[in-house]
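First the proteins, then the strands, lettered A, B, ... as listed; each starts at 1. Values reported hereafter were calculated over all heavy atoms of this structure, with side chains retained and with hydrogens, waters and symmetry mates removed.
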Number of protein chains: 2
Amino acid sequence: MVTTLKPKLGANPERARSHNKQLVLRAVRHSGTIGRAEIARASGLSTQAVSNIISDLLAEGLLVEQGHRSAGRGLPVQQYAIRPGGGYAFGVEVRPTAMFTALVDLVGTPILTHRTPLKDPTKGVILDTVCAQLDHALSQTQVQRHMLMGAGIVMPGPFGDTGLTGTASELPGWNIGDPAEIFATALELPVFVENDANAAAMAERMNGVARGLDDFAYLYFGQGLGLGLVQNGQILQGAFGNAGEIGHIQVLVDGRPVELESATSRLSVQACLARQGMDVTTMDDLTSLYSSANRHLMLWLDQAAQALSAALSIIENLFDPETVILGGAMPDVLLDHIIARTVLPERSVSNRPDRVHPRLMRGTSGRMTATLGAAALVLHQAFTPTIAEAR
Amino acid sequence: MVTTLKPKLGANPERARSHNKQLVLRAVRHSGTIGRAEIARASGLSTQAVSNIISDLLAEGLLVEQGHRSAGRGLPVQQYAIRPGGGYAFGVEVRPTAMFTALVDLVGTPILTHRTPLKDPTKGVILDTVCAQLDHALSQTQVQRHMLMGAGIVMPGPFGDTGLTGTASELPGWNIGDPAEIFATALELPVFVENDANAAAMAERMNGVARGLDDFAYLYFGQGLGLGLVQNGQILQGAFGNAGEIGHIQVLVDGRPVELESATSRLSVQACLARQGMDVTTMDDLTSLYSSANRHLMLWLDQAAQALSAALSIIENLFDPETVILGGAMPDVLLDHIIARTVLPERSVSNRPDRVHPRLMRGTSGRMTATLGAAALVLHQAFTPTIAEAR
DNA sequence: TTGAACACTCAAGAAAGTTGAGTTAACGCT
DNA sequence: AGCGTTAACTCAACTTTCTTGAGTGTTCAA
């Protein structure tokens with residue numbers, strides 16, 4: 001979901017230049033440091049064109065020189081890298097009880113992160129809080145407002161009035177109007193809104209285990225279970241921005257059909273342990289239960305792995321991803337345990353002998369994944385050529 | 001799957017022009033007839049640029065003038081339309097027992113269709129046959145070879161060596177090398193290879209019920225059951241071209257888990273009726289069984305609708321499409337029956353009050369759908385701007 | 001009748017890319 | 001050590017394509 005991009009699909013010199021700039025930035029980001037000639041080869045532009053663009057980007061402060069590297073014969077390559085301070089992105093994750101914010105630089109390093117409790121998550125409070133938090137982040141870090149490239153916002157999906165409306169984790173009042181536009185007006189910035197799974201997937205792609213991957217799926221353990229899909233380097237959003245609502249599909253666990261989410265989410269493990277009289281609220285609680293090999297937790301993990309195996313079969317056969325990443329608000333040890341226990345379906349298009357990535361991987365988990373992912377949405381945009389984004 | 005497009009992502013004047021040309025063609029195709037000014041507004045180019053491009057396209061024979069239309073004030077609009085003879089596409093569907101071919105013009109009208117039995121579907125025979133059929137089609141229709149924009153080839157998936165290899169409908173010998181390249185070399189044409197479901201989806205989008213839709217799913221009843229996914233106007237291919245292999249996922253029918261394909265495919269209905277001693281081979285057989293309300297067929301239809309309901313839940317929640325289209329090698333009356341009987345899942349992101357399309361629709365079915373879809377792949381390419389096709 | 005609205009054309013100008021010759025620096029063969 | 005080869009990069013002229021702004025023709029409405 002994006003603030004309305006008008007149909008600027010025609011290529012005129014100005015847009016072509018902006019397109020090429022982003023192409024160059026992407027090439028630099030992709031390989032860390034790189035010289036002009038290599039960028040030219042990768043982009044199909046002439047060295048001269050790349051040279052001109054680079055001197056622009058240097059002047060704008062988006063690139064820095066990185067010294068020479070002599071690779072074989074010929075004149076040593078003058079290398080370039082992204083200048084971290086060349087721009088900043090603001091990431092926001094809105095949950096019913098708290099708002100998480102992060103300010104990250106152009107290479108994705110978090111400069112500042114923050115958690116603000118939300119007593120009353122109404123639309124007005126959220127908008128006020130997000131503006132206040134942005135001001136706070138800017139003044140704390142001395143970052144100039146004009147250096148902000150945009151804001152990414154993570155909100156619980158699904159968006160709009162759907163058959164899944166009424167789910168636990170929902171925020172009231174956002175079903176009317178386009179959230180992206182509302183935030184864009186309040187923050188006076190370009191805004192990108194996604195659900196937690198999509199944002200987490202983008203975080204993984206920008207600075208995590210999915211770096212460089214163009215086709216993968218991300219299973220995000222949040223309140224529920226979300227699926228972030230990246231296809232051809234782009235988030236798969238669906239016609240109304242609600243693709244990836246995997247939590248409510250039926251899978252078999254011990255021969256009985258259950259909603260996937262009721263077998264694999266954080267709410268699920270909490271409810272399961274609560275039935276045994278255990279009150280588990282934090283990730284640390286879970287970690288310590290795990291380290292003591294708590295029987296009930298182990299049973300839950302087993303059925304979660306079972307459910308996941310069924311989900312994996314669906315995801316792999318429907319999307320044919322390079323890999324499926326697991327992450328989110330679940331301790332690493334639990335994720336690793338689940339991954340180890342999950343049976344990789346045999347009858348799957350992903351079951352190929354020539355794979356280069358494992359079929360299941362663990363992503364960067366933890367509290368801030370989705371928030372950093374929100375910021376990553378902005379960075380992704382900054383490194384994505386503008387022409388022909390066919391929306 | 002596409003013949004290797006080198007990274008020609010940079011925008012230079014030449015590529016920008018070609019991009020803009022395709023943008024103009026697309027705009028014309030989209031609205032049937034249209035004037036310069038409107039195209040300019042839609043594309044973000046100046047009227048002058050559009051004018052220049054149009055005079056190029058007229059000279060190339062891709063457009064024709066369509067007379068004036070006075071719409072309100074001002075100078076009456078000089079309108080343009082696609083010239084059907086401006087180019088041709090060759091569509092090929094390869095099945096184990098036969099090859100179907102079609103030659104279609106630039107607006108998608110079939111000029112000639114043909115069925116060639118294949119005694120021995122080896123790689124060599126297929127390549128020879130496809131070349132012979134192309135020659136035959138050209139000579140029959142007097143179409144000049146240089147007017148061909150490319151060939152689309154439909155082959156049974158999945159491609160490459162996967163966990164689904166060994167499925168009934170497979171062709172031997174295509175697991176090594178890129179089929180698209182092999183065909184491209186043989187035919188000396190740009191070649192696009194897809195599975196039947198993807199091709200059928202594209203046929204629907206170019207000239208069927210999905211015309212103008214950018215996000216939809218197509219369930220194709222073939223030997224098995226395939227899923228064609230169109231996202232943002234592009235076929236979703238997955239990392240290895242095998243996305244949409246929905247046939248092998250588990251669904252519940254009468255409380256029992258079965259492979260979706262074993263409940264919904266043509267092979268499934270044939271096997272089901274064979275168990276009752278009925279030998280059903282043609283679509284006409286099915287139609288007449290249906291018109292006599294055959295009990296076994298009705299039972300099969302009921303369980304197929306059940307399985308479909310489960311599949312629908314998965315497709316809708318994972319892709320959030322505008323609609324799901326049913327089509328393929330199944331008589332229309334049966335598809336309509338199934339659609340009428342399928343319970344639309346309530347807990348689905350597609351269950352929204354503000355829908356404009358039905359959740360389930362019947363596509364153009366029949367023998368030639370996939371073959372025409374193969375040709376549609378070429379047309380789609382011809383109307384898709386070139387820059388930033390990010391592959 | 002007159003003026004506003006609109007589509008379209010013409011000619012000049014601007015933006016951005018390409019081309020080809022020239023410069024510089026490192027490698028490696030003699 | 002000398003010298004030719006290789007490769008990255010720059011400079012300046014050229015080319016393509018788009019935009020701009022003035023101008024023309026047609027229609028509608030006051």
Original post:
Between A:V77 and B:L45, which has a closest nucleotide on DNA chain D that is more 5'?
Top reply: A:V77

**OP:** Spell out, as yes or no, whether a donor-acceptor pair under 3.5 Å connects the side chain of B:N20 to the backbone of A:A11.
**Re:** yes

Subject >> Gap between atoms CG and P, on A:L75 and C:dT23 respectively (whole Å) >> reply: 14 Å

**OP:** Nearest whole angstrom, please: distance from the P of C:dG17 to the CD1 of A:I54.
**Re:** 12 Å

**OP:** Return no unless some side-chain N or O of B:S46 is found under 4.0 Å from OP1 or OP2 of D:dC18.
**Re:** no

**OP:** Among the candidates D:dT10, D:dT19, D:dT27, find the nucleotide nearest to the side-chain atoms of B:P76.
**Re:** D:dT27

Original post:
How would you label the contact of B:N20 with the nucleic acid (heavy atoms, under 4.0 Å): base, sugar-phosphate, or nothing?
Top reply: sugar-phosphate

Subject >> Interatomic distance, A:L9 CG vs D:dC18 P [rounded to whole Å] >> reply: 15 Å

Subject >> Along DNA chain C (nearest heavy atom to each residue), the more 5'-positioned of A:G74 and A:N12 >> reply: A:N12

**OP:** Starting from P on D:dT17, measure out to CZ on A:R15 and report it in whole angstrom.
**Re:** 17 Å

Original post:
Separation of B:L58 atom CG from C:dT9 atom C1', in whole Å?
Top reply: 15 Å

Original post:
Given B:Q234 and B:H380, is the side-chain contact (heavy atoms from CB on, under 4.5 Å) satisfied, shown in steps?
Top reply: CA-CA 9 Å; B:Q234 299 290 123; B:H380 174 248; 3.6 Å; yes

Original post:
Is it true that atom CD of B:E60 has more than 12 heavy atoms of other residues, nucleotides or ligands lying nearer than 6.0 Å?
Top reply: yes

**OP:** Report yes if at least one side-chain N or O of B:R41 is closer than 4.0 Å to OP1 or OP2 of C:dA7; otherwise report no.
**Re:** yes

Original post:
Quick one: is B:S51 getting a side-chain N or O under 4.0 Å of the C:dT9 phosphate, OP1 or OP2?
Top reply: yes

Original post:
Is the closest basic N to carboxylate O distance between B:R205 and B:D214 below 4.0 Å?
Top reply: yes

Original post:
Starting at CD of B:E38 and ending at C1' of C:dC6, how long is that distance when rounded to a whole Å?
Top reply: 13 Å

Original post:
C:dT19 C1' sits how many Å from B:E14 CD, rounded?
Top reply: 14 Å

Original post:
What does A:S70 touch in the nucleic acid at a heavy-atom separation under 4.0 angstrom: a base, only the sugar-phosphate, or nothing?
Top reply: sugar-phosphate

**OP:** Could you state the atom-to-atom distance from OH of A:Y80 to C1' of D:dC9 in whole Å?
**Re:** 9 Å

**OP:** Check whether the side chain of B:Q48 and the base of C:dC10 form a donor-acceptor pair under 3.5 Å.
**Re:** yes

Original post:
What distance separates B:R17 CZ from B:I53 CD1, expressed to the nearest 0.5 Å?
Top reply: 5.0 Å

**OP:** For the side chain of A:R36, starting at C-beta, report the closest nucleotide among D:dC9, D:dT19, C:dA7.
**Re:** D:dC9

Original post:
Looking for any heavy atom pair under 4.0 Å, which part of the strands does A:A37 touch: base, sugar-phosphate only, or nothing?
Top reply: sugar-phosphate

Original post:
If each of A:R17 and B:G35 is mapped to the nucleotide of DNA chain C with the nearest heavy atom, which maps nearer the 5' terminus, i.e. the 5' end?
Top reply: B:G35

